[in-house]
Visitor: 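Provided herewith is a single structure, encoded as structure tokens, for subsequent inquiry.
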There are 2 protein chains.
Amino acid sequence: MDAIPKLVTDLLMPGREGGYAKGYETRELILRTALHILIEEGYRAMSMRRIAAACGMRLGNLTYHYPTREDLVRELLNAVISSYEVEFGAIVQAPGLEPEERLTRLCSLIIEDIGSKKTTRLFPELWALANHDAFVYERVHELYDRARAPLVEIIAEMRPDLPEQDRLDVALFISASMEGLTVFAGYEMPFAQRLPAVEHIAIRSFIDIVRSFQPA
Amino acid sequence: MDAIPKLVTDLLMPGREGGYAKGYETRELILRTALHILIEEGYRAMSMRRIAAACGMRLGNLTYHYPTREDLVRELLNAVISSYEVEFGAIVQAPGLEPEERLTRLCSLIIEDIGSKKTTRLFPELWALANHDAFVYERVHELYDRARAPLVEIIAEMRPDLPEQDRLDVALFISASMEGLTVFAGYEMPFAQRLPAVEHIAIRSFIDIVRSFQPA
DNA sequence: TAATAAAATTGTCAACTGTCCTATTTTGGA
DNA sequence: TCCAAAATAGGACAGTTGACAATTTTATTA
């Protein structure tokens with residue numbers, strides 16, 4: 001039913017320092033399994049015992065690798081968010097292309113990612129958590145800052161006349177616009193099948209704003 | 001610190017049928033308190049005992065009014081979402097005004113609501129819950145359907161030439177665009193103070209899309 | 001005011017939670 | 001091959017959770 005999950009970029013773990021390879025693999029399995037439960041059943045279902053059981057290991061072993069639940073959650077979110085940072089950092093800026101074309105490709109990639117199961121399920125959890133957890137808040141918005149950076153650059157190229165603050169505001173709006181699609185046209189959302197159409201509308205309108213925005 | 005909460009429209013409870021007035025008041029207190037905990041501390045903190053304690057009542061009494069936690073959550077979300085439906089249903093369509101002006105006012109109201117603490121905190125919780133709870137999913141998207149309806153109407157007035165599907169897609173994009181602001185410029189979010197500026201950009205761009213959208 | 005339905009209290013239950021501690025087994029390098 | 005470190009297992013702990021039953025108190029109205 002589901003597409004083949006792209007395991008490679010699901011999580012970006014910090015490199016291992018000390019310890020055996022076995023332990024590192026186990027920690028990877030743990031975080032991957034925790035992420036799976038988070039996506040499939042939500043944050044509430046992601047208990048220590050539930051994770052251990054799904055990993056086929058004992059609770060004692062889980063708490064050996066992650067002494068507290070908070071440790072585990074932090075590492076998990078860190079690894080997940082890092083993988084997104086890499087993903088967006090790897091977006092080829094394709095120098096030589098017109099800025100409009102680069103804007104189109106960038107937004108296209110982001111919006112298509114929003115349609116994926118992982119992103120549709122994960123980010124609402126992150127948003128909810130961020131409202132009551134300073135660590136999550138910091139980490140999530142750090143990610144968004146980085147994801148917005150290339151957008152700001154393109155806007156600067158297209159509109160060198162614009163004050164920096166206005167560029168930032170426009171980039172912020174474009175970024176928020178796309179994120180908002182998650183709830184409506186994300187994976188298994190009521191308008192999932194309209195995502196391509198809405199993507200088209202979105203990108204056209206983004207180009208229009210950047211081209212025609214005039215400071216107050 | 002916080003603004004005075006507008007208690008009147010926070011919750012819309014179903015009218016009481018049978019039972020004493022006392023009981024009805026108690027149920028109202030329960031839902032109001034549960035909502036407060038949900039907003040201030042998140043879904044995970046909203047346990048039966050926590051709610052009962054915050055109400056100054058015993059757990060037994062809470063389970064008398066709401067036998068299971070699921071009952072309570074359903075009633076709570078139903079009451080909260082109903083109040084939003086009333087709020088948006090009450091938006092005066094101001095006949096006689098230009099459609100552009102009506103679009104501006106409607107979006108302005110919605111975006112300003114997104115800046116409120118209640119909305120900023122509540123909706124991410126709803127989005128996360130909706131991903132793993134069919135009831136929440138249904139109820140949330142029912143709300144969004146209703147909130148989009150006046151938008152579709154205005155677009156129809158401005159663009160009678162447009163096929164219905166295109167109007168719906170445009171309304172969907174505008175609606176999603178605004179919701180996306182929650183995470184970035186909502187209450188206590190990093191760009192909360194940019195909300196007015198972004199609101200301005202958003203509305204200008206919305207008017208532009210509606211005016212100039214051309215089917216593929 | 002008395003009768004009675006509703007509301008609220010109190011105590012209990014099994015299941016689950018995160019954390020900790022102590023064996024035991026496994027691993028990989030000397 | 002041996003051995004110390006690492007990994008895993010197993011059990012125990014106190015606290016929390018949702019649900020429920022028996023009981024007492026309160027509110028409403030006949």
Side-chain angles (χ1 to χ4, degrees), chain A residues 13-38 40-77 125 129 132-133 135-136, chain B residues 13-38 40-77 125 129 132-133 135-136:
Chain A
M13 307 246 310
R16 93 177 150 106
E17 43 191 64
Y20 297 162
K22 188 80 192 301
Y24 188 78
E25 279 169 33
T26 301
R27 281 186 289 278
E28 204 172 335
L29 172 66
I30 290 172
L31 295 192
R32 204 177 294 290
T33 305
L35 177 61
H36 185 257
I37 296 175
L38 180 62
E40 297 297 333
E41 304 173 50
Y43 186 69
R44 213 163 192 268
M46 201 184 68
S47 73
M48 298 293 270
R49 278 176 178 79
R50 184 84 184 62
I51 296 169
C55 285
M57 75 180 56
R58 301 300 179 147
L59 181 61
N61 196 24
L62 185 64
T63 62
Y64 166 74
H65 290 289
Y66 299 100
T68 73
R69 186 184 134 93
E70 205 189 333
D71 289 330
L72 195 156
V73 171
R74 276 185 197 279
E75 295 290 322
L76 171 61
L77 299 186
E125 299 283 351
L129 287 177
H132 311 100
D133 183 321
F135 172 79
V136 181
Chain B
M13 308 244 310
R16 93 177 148 107
E17 42 192 62
Y20 296 162
K22 186 77 192 301
Y24 188 78
E25 278 170 33
T26 301
R27 280 186 289 278
E28 205 173 334
L29 172 66
I30 291 172
L31 295 192
R32 204 176 293 290
T33 305
L35 176 60
H36 185 258
I37 295 175
L38 180 62
E40 297 296 334
E41 304 173 49
Y43 186 69
R44 210 159 192 266
M46 201 184 69
S47 73
M48 299 293 270
R49 277 176 179 81
R50 184 83 186 63
I51 297 169
C55 284
M57 74 180 57
R58 302 300 179 153
L59 178 63
N61 195 24
L62 186 64
T63 63
Y64 166 73
H65 290 290
Y66 299 100
T68 73
R69 187 184 133 93
E70 205 189 333
D71 289 331
L72 195 155
V73 171
R74 276 185 197 279
E75 294 289 323
L76 171 60
L77 298 186
E125 299 283 351
L129 287 177
H132 311 99
D133 183 321
F135 172 79
V136 181

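A, B, ... follow the sequence lines: proteins, then strands. Residue 1 opens every chain.
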Visitor: In whole angstroms, how far is the P atom of C:dT24 from the OH atom of A:Tyr64?
Guide: 18 Å
Visitor: Taking atom CD of A:Glu70 as the centre, does the number of heavy atoms from other residues, nucleotides or ligands within less than 6.0 Å exceed 12?
Guide: no
Visitor: Look at the side chain of B:Tyr20 against the base of C:dA5 and say whether a donor-acceptor pair falls under 3.5 Å; ignore hydrogens and angles.
Guide: yes
Visitor: Write down the distance between CZ (B:Arg16) and C1' (D:dT28), rounded to a whole number of angstrom.
Guide: 10 Å
Visitor: Measure the distance from CE on B:Met57 to P on C:dT10 and round it to the nearest whole Å.
Guide: 13 Å
Visitor: Does some side-chain heavy atom of A:Arg16 sit less than 4.5 Å from a side-chain heavy atom of A:Glu28?
Guide: no
Visitor: Output the rounded distance in Å from CG (B:Leu62) to C1' (D:dT17).
Guide: 13 Å
Visitor: Which whole-number value in Å describes the distance from A:Asn61 CG to C:dT26 P?
Guide: 13 Å
Visitor: Which whole-number value in Å describes the distance from B:Met46 CE to D:dG18 C1'?
Guide: 13 Å
Visitor: Strictly below 4.0 Å: does B:Arg58 bring a side-chain N or O up to OP1 or OP2 of C:dA8?
Guide: no
Visitor: Could you tell me the separation between the CE atom of A:Met48 and the P atom of D:dT8, rounded to a whole number of Å?
Guide: 15 Å
Visitor: So, is A:Thr63 close to the C:dC20 phosphate, meaning a side-chain N or O under 4.0 Å from OP1 or OP2?
Guide: no
Visitor: Among D:dA7, C:dA7, D:dA19, find the nucleotide with the atom closest to the side chain of B:Arg27.
Guide: C:dA7
Visitor: Touch check for B:Gly23, heavy atoms < 4.0 angstrom, all strands: base, sugar-phosphate only, or nothing?
Guide: sugar-phosphate
Visitor: For the side chain of B:Ser47, counting heavy atoms from C-beta on, which of C:dG18, D:dT17, D:dA6 is nearest?
Guide: D:dT17
Visitor: At under 4.0 Å between heavy atoms, what does B:Arg69 touch on the DNA or RNA strands: base, sugar-phosphate, or nothing?
Guide: sugar-phosphate
Visitor: Taking everything shown except B:Arg58 itself, do over 12 heavy atoms lie less than 6.0 Å from its CZ?
Guide: no
Visitor: Can you identify which nucleotide, out of D:dA12, D:dA9, D:dG18, has its nearest atom closest to the A:Arg49 side chain?
Guide: D:dA12
Visitor: Between D:dG18 atom P and B:Glu70 atom CD, what is the distance in whole Å?
Guide: 12 Å
Visitor: Indicate the atoms forming the closest heavy-atom contact of B:Tyr66 with B:Met48, along with that distance.
Guide: O-CE, 3.7 Å
Visitor: Measuring to OP1 and OP2 of D:dA6, would you say a side-chain N or O of A:His65 lies under 4.0 angstrom away?
Guide: no
Visitor: Return the 5'-most residue of the pair B:Tyr24, B:Leu59 with respect to DNA chain C, ranking by each residue's nearest nucleotide.
Guide: B:Tyr24
Visitor: Test salt bridge (Lys or Arg N to Asp or Glu O under 4.0 Å) on B:Glu41 and B:Arg50 and set out the steps.
Guide: CA-CA 11 Å; B:Glu41 304 173 49; B:Arg50 184 83 186 63; 2.5 Å; yes
